[in-house]
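A short write-up of the structure that comes next.
A note on names: the letters A, B, ... follow the listed sequences, proteins ahead of strands, and every chain is numbered from 1.
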Amino acid sequence: MIPREDLNSRQYEAVTTITGPVLVIAGAGSGKTRTLIYRLAHLIDTGVPPDSILLLTFTRKAAQEMMFRASHLLDDSCQGVVGGTFHAIANMLLRRYGGYLGFQSSFTIIDQADSEGIINLLKSSLGLSGKGKQFPTKRVLRNIISGSVNKSKEIDDLVFEQYGHLSEHIDDIISLQKHYQEFKINHGLMDYDDLLVNWKRLLEDVPEAREEISQRFSHIMVDEYQDTNLIQADIITLMARSHKNVMVVGDDSQSIYSFRGADFYNIMRFPKVFDNTRIIKLEENYRSTQPILKLTNDIIRNASEKYTKRLYSNIEGELRPAVYGGVDEQNEAAFVVNKIKSLHEDGMALEDIAVLFRSGFHSYKLEVALTSAGFDFEKRGGLKLTESAHIKDVLAFLRVVVNPGDTLSWNRIFLQIDKVGPKTAQKITTVIATKDDPFAELACYKPGASWSEGFKKLITLMKELQETGPPASLFELIMCYYEPLFESIYRDDYPRRKRELEQLKGIMASYDSLQAFIDDTTLDPPESEISPQAVKERLILSTIHSAKGLEWDVVFVVGLAEGRFPHIAAMGNQREEERRLFYVAATRAKKELYLCYPKEMIGSDRRFMRVGKSPFLQELNRELYRELGGEKYSGNRYRLAKEQESGNDISFAGKTGRRVKLSISDFTVGTKVNHPFFGEGEVKKIKKPSTLDIHFCRHGLKTLHLNYAKLTILS
DNA sequence: AAGTGCCAAATTTTT
DNA sequence: TTTGGCACTT
């Protein structure tokens, strides 16, 4: 039996006494996932076979976390429980039942970049490229095309309201969309949306499959229900229709994936879809101290649309959250590094600290500062290993072996050959890929004189690859061919990429089915770091999106500046979503919360510009936080931090290396200098350790630090 | 017509 | 760090 003494009465009720549909609406840190896991335990205790229980979540991280916590609480009894993201489950089911829908025996799942690639390809072949101004941007187009899946009646609104000037292109857009769908079907490709659409189609159109699947999963539980889109909600409804053993858990204030079609109204609809739904509200917060909770409640207070929950906490603590305004990004980073240093010295484990930010690149400055201060960290969000060009190159070989109709991968392979450009590659691709046996076709293809040698090598490789062995040996074969090409393509950072390929080899070695490997690398791309479990004692840097559902003792949120957070282009509903994003970030903190922003940033025009604190910070009640900075950190301590930093890391001050390092004695009042951003200026004042006041013709008076500013002396 | 090389520009979030 | 455009070469 599983101990359940830490459940409150309502959670206990949800877990044990309720059968049939349950909707749990719960605030941040109220033990949503825990309730799910206890229910899982309860089901297993009462004799439900583990492998007939389906646990669904939205993100990979959440799925991993959930399964980890389940295994932690249930030990071996959770073996066989099926858990994962919607897409991973969809893939599993479609591989098994896809025949009912007339799928070819092999299909390849493609990622966002691939579908954009197809769109571009079609655009040019349909004569729609060029003069791009009137045609939708990549992102708009993507929304139109993928949006058609979830809310097709809104396409017209989207195009006409927001992009009214596109109305003359509506036929082009529709034909592009049609071609895109055809292209995918003809080449055995499926994107993320297709997985769900086909899953739903299977459940709707094929009664025997629906029956079998419903019986296979007699109990369904969904975490983060506010992140599901309409199709996913429909799938849940269809799957649970016969037994109604479904429990969903969500928090409307944490809905941050609407850009993907997630719709938190699904929560409100749930009781209407399932009769006799029991609704349970969990309002006690078990995560954060009262002062942090007060602030986070204040963040969401200003939301224009919300379902009021009054969160309360019984966790003691007096420390109010802190707001720190740095003079610039370096200073902001220095503050975070200093604070982490002192926390760590006081005995706080690094893995209990996290730094969160809006976008992947907001942490660049901090990453440099942390590295030079000797901290090891793990970055989450941003580029994944499988998204980099060299990995995709290698994967392309494997993908054509699995799915010979995969035009995109063929194209990628041909492009690697010297003297073959986009046109030639496409020509070969169109000739061979539509045939029944592209490999045989390839062997007969007559290459041009200038690149016949490389092409012959490719043919040899492809022959060898077809005599399939285990994935690891395929990798060896590919590398024999690819490595020489690879060295010449990526001369600059050859070693780093080489290391990543080694990593890929390690991952492949653990698979014995090539198909499984290909699917996993698309649905569940490995992080670029090696064995995340092995290294524990590490600080986490993460985008807020990837931090969802997790918690740390101490949380820093950086980059809370005007124009950066909320994102500059976010208006209306999107802006509300940014606010919820901020809410999610702040509610990750258990004991201490620091909100930081730089007062000066480098704008897109490569000039410094002053920015204020984020509007979300401005509207907060002043009494709920402490304001740090001013005296304490802009003074000595700040300079100290900067000097330590630059002392450890010369490359930061003069990355180019050719710049002679100037010392304070090289300057006198009146020295004319040049600065890469500010232009020409004149030294006005020399301050203590190595700081100069310089008047710039175009930007006025600036205080610059010698170790940082890339100054050259003009006279 | 295709391929190469260089410089400039931009870079939200994720299944 | 990767992509796009432009001029130049094959």
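- Between I110(A) atom CD1 and dT15(B) atom C1' the separation is 13 Å, expressed in whole Å.
- Y257(A) comes within 4.0 angstrom of sugar-phosphate atoms only, judged by non-hydrogen atoms across all strands, and of no base.
- The shortest distance between the side-chain N/O atoms of S546(A) and the OP1/OP2 oxygens of dT14(B) is below 4.0 Å.
- As a whole-Å value, the separation of D519(A) CG from dT15(B) C1' is 14 Å.
- Residues N198(A) and Y97(A) bring no donor and acceptor atom of their side chains to less than 3.5 Å of each other.
- Both T59(A) and G421(A) sit near DNA chain B, but only G421(A) has its closest nucleotide nearer the 5' end.
- Which of dT11(B), dG3(B), dT15(B) sits closest to the side chain of Y192(A) comes down to dT15(B).
- At whole-Å resolution of the value, CD in Q416(A) and P in dT4(B) are 14 Å apart.
- Qualifying side-chain contact (heavy atoms from CB on, under 4.5 Å) partners for V394(A), counting only residues two or more places apart in sequence or in other chains: F475(A), I478(A), M479(A), Y482(A), L501(A), L504(A).
- In this entry the distance linking CD of E577(A) with C1' of dT13(B) reads 9 Å, nearest Å.
- Partners of E65(A) under the side chain to side chain donor-acceptor pair (under 3.5 Å) rule, at least two apart in sequence or in another chain, do not exist in this structure.
- Among the protein residues, F58(A) comes within range of the sugar-phosphate backbone only, with heavy atoms under 4.0 Å from sugar or phosphate atoms but none that close to a base.
- For D406(A), the side chain to side chain donor-acceptor pair (under 3.5 Å) partners two or more places apart in sequence, or in a different chain, are R399(A), S409(A).
- In terms of position along DNA chain B, the nucleotide closest to V420(A) lies nearer the 5' end than the nucleotide closest to the other residue of the pair F86(A) and V420(A).
- The ring pair (Phe, Tyr, Trp, His ring centres under 6.0 Å) check on Y257(A) picks up F58(A), F259(A), H545(A), with sequence neighbours excluded.
- Going from atom CG of D194(A) over to atom P of dT15(B) covers 18 Å, rounded to whole Å.
- Look at H567(A) and the base of dT12(B); the rings stack, centres closer than 5.5 Å and planes less than 30° apart.
- If you measure from atom CD1 of I544(A) to atom P of dT13(B), you get 11 Å, rounded to the nearest angstrom.
- At a threshold of 4.0 angstrom between heavy atoms, the contacts of T424(A) are confined to the sugar-phosphate backbone, with no base atom among them.
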Shorter than 3.5 Å, N or O on both sides, protein versus nucleotides 7-10 of chain C: list them out with atom names.
none

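- Side-chain contact, N229(A) with D263(A): no donor N or O sits under 3.5 Å from an acceptor N or O.
- A straight line from CD1 of I256(A) to C1' of dT12(B) spans 12 Å, rounded to a whole angstrom.
- Of the candidate nucleotides dT15(B), dT13(B), dG3(B), dT13(B) has the atom lying nearest to any side-chain atom of S359(A).
- With sequence neighbours left out, W199(A) forms a ring pair (Phe, Tyr, Trp, His ring centres under 6.0 Å) with no residue at all.
- Protein atom CZ of F361(A) is 17 Å distant from nucleotide atom P of dA9(B), rounded to whole Å.
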